Amino acid sequence: MKRPLRIAAWTLAVALLALASATAARFWFLHWQPDRERYPLRGIDVSHHQGAIDWRAVAADDVAFVYLKVSEGGDHRDRRFADNWRQARAAGLAVGAYHFFTFCRPGAEQARNFIDAVPVEADALPPAVDLEFGGNCGLRPDAARMRAQLDAFLAPTEATYGKPALLYVTPEFFDAYREALPARALWRRSILHAPDARAPWAVWQYHNRARVAGIVGPVDLNVYAGDAAALERWRGGARAVGAR
């Protein structure tokens with residue numbers, strides 16, 4: 001074989017190997033999950049960004065629970081929340097609502113926004129609060145102020161729904177405010193690897209670009225720390241598995 005042909009063949013082989021490696025890596029990324037024998041209950045969290053959802057297809061695709069975005073700050077509402085809440089419950093899923101907490105609005109005002117939108121249902125999952133810097137306003141309060149405003153949100157919210165709230169925390173937020181957080185069950189974000197051992201968790205968000213039947217495009221995946229019986233107790237207001 002002449003040298004130019006050998007170079008071309010070698011280049012093609014390298015390109016094909018790179019393509020195969022990239023394809024294998026993407027397949028691994030899209031399908032990675034924790035030990036499902038240890039964590040048998042899989043869940044998702046969604047907002048209007050997922051568009052219209054076929055909830056019966058979701059429920060049939062190894063999904064046991066879902067958290068729906070309902071509100072953000074003092075006045076924003078997710079436009080698909082009401083439909084998602086009704087349809088996901090009709091599909092037999094355990095359903096909860098979460099609020100994106102902003103540092104630039106009073107906690108009590110944000111609680112009113114959440115409470116005015118979320119029905120009181122005895123079998124709903126505990127209310128959740130999304131605590132993170134991404135997408136938030138530019139204010140970075142000190143720990144005492146953050147805790148005061150978070151408490152102002154939690155007090156009326158927990159009184160309304162009769163259950164301790166779930167706190168969603170990103171690694172960055174947890175690093176900044178860990179010592180100031182109230183003793184609540186944690187929903188920890190840790191993509192593609194287990195959360196560190198600094199605090200136990202009730203829900204682990206382990207993927208942010210997964211695919212689930214009934215949803216067009218990527219979706220977040222989570223697992224619950226316990227079994228089906230533990231999830232049912234938690235829905236009823238009992239202390240969550242892994243709660244601090």
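These values consider heavy atoms only, across backbone and side chains, with no hydrogens, waters or symmetry-generated copies. Bear in mind the structure is a predicted one, so any value in this text is a computation, not a measurement.
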For this session: Given side chain to side chain contact (heavy atoms under 4.5 Å, CB included), test W55 with N84 step by step and report yes or no.
Result: CA-CA 8 Å; W55 284 105; N84 283 336; 3.2 Å; yes
Exercise. Hey, does T102 have a side-chain heavy atom less than 4.5 Å from the side chain of E72?
Worked result: no
Exercise. Does the side chain of D78 reach to within under 4.5 Å of the side chain of L68, using non-hydrogen atoms?
Worked result: no
Problem set entry | pair F65-N222: side-chain heavy atoms closer than 4.5 Å | yes
For this session: Could you note down all residue pairs passing side chain to side chain donor-acceptor pair (under 3.5 Å) where residues 142-155 supplies at least one of them, sequence neighbours left out?
Result: R147-D151
For this session: Taking only Lys NZ, Arg NE, NH1 and NH2, and the carboxylate oxygens of Asp or Glu, determine whether D220 and R189 approach each other closer than 4.0 Å.
Result: no
Exercise. Which is it for W85 and V118 under the side chain to side chain contact (heavy atoms under 4.5 Å, CB included) test, yes or no, and what are the steps along the way?
Worked result: CA-CA 9 Å; W85 178 270; V118 182; 4.1 Å; yes
Problem set entry | Nearest non-hydrogen partners of Y67 and A128, listed with the distance | CE2-CB, 3.6 Å
Exercise. Would you say I115 and T157 make side-chain contact, with heavy atoms under 4.5 Å?
Worked result: yes
Problem set entry | Verdict with reasoning, R198 to R188, per side chain to side chain contact (heavy atoms under 4.5 Å, CB included) | CA-CA 11 Å; R198 288 179 295 167; R188 299 189 63 184; 4.1 Å; yes
For this session: Please say which of F174, F173, F101 ends up in a ring pair (Phe, Tyr, Trp, His ring centres under 6.0 Å) with F133.
Result: F173
For this session: Verify, without hydrogens or angle tests, whether R77 (side chain) and N113 (backbone) share a donor-acceptor contact under 3.5 angstrom.
Result: yes
Problem set entry | Whether R235 side chain and D123 backbone form a donor-acceptor pair below 3.5 Å | yes
Exercise. Backbone N or O of L125 within a donor-acceptor pair of the K163 side chain at under 3.5 Å?
Worked result: no
Exercise. For the side chain of K69 and the backbone of H49, is there at least one donor-acceptor N/O pair under 3.5 Å apart?
Worked result: no
For this session: Apply the test side chain to side chain contact (heavy atoms under 4.5 Å, CB included) to residues L131 and L181: give CA-CA distance (whole Å), side-chain angles for both, the deciding distance (0.1 Å), then the verdict.
Result: CA-CA 10 Å; L131 300 168; L181 291 174; 4.2 Å; yes
For this session: Please confirm whether the backbone N or O of R105 pairs with a side-chain atom of Q110, one donor and one acceptor, at under 3.5 Å?
Result: yes
For this session: Establish, yes or no, whether a centroid distance under 6.0 Å links the rings of H76 and F100.
Result: no
Seminar exercise, completed: Residue pairs meeting salt bridge (charged side-chain N to carboxylate O under 4.0 Å, His left out), one or both in residues 176-185, sequence neighbours left out, come to E158-R184
Exercise. Between the side chain of W201 and the main-chain N/O of A225, is any donor-acceptor distance below 3.5 Å?
Worked result: no
For this session: Step through it carefully: locate the ring centre of F114, locate the ring centre of Y161, and say whether they are under 6.0 Å apart.
Result: yes
Exercise. Between the side chain of R239 and the main-chain N/O of A243, is any donor-acceptor distance below 3.5 Å?
Worked result: yes
For this session: Would you mind reporting whether Q205 and D45 have side-chain heavy atoms less than 4.5 Å apart?
Result: yes
For this session: Begin with the C-alpha distance, continue with both residues' side-chain angles, and end with the deciding distance and a verdict on side-chain hydrogen bond (donor to acceptor under 3.5 Å, both in side chains) for W187 and D130.
Result: CA-CA 9 Å; W187 176 2; D130 183 344; over 6 Å; no
Problem set entry | Whether N136 side chain and F103 backbone form a donor-acceptor pair below 3.5 Å | yes
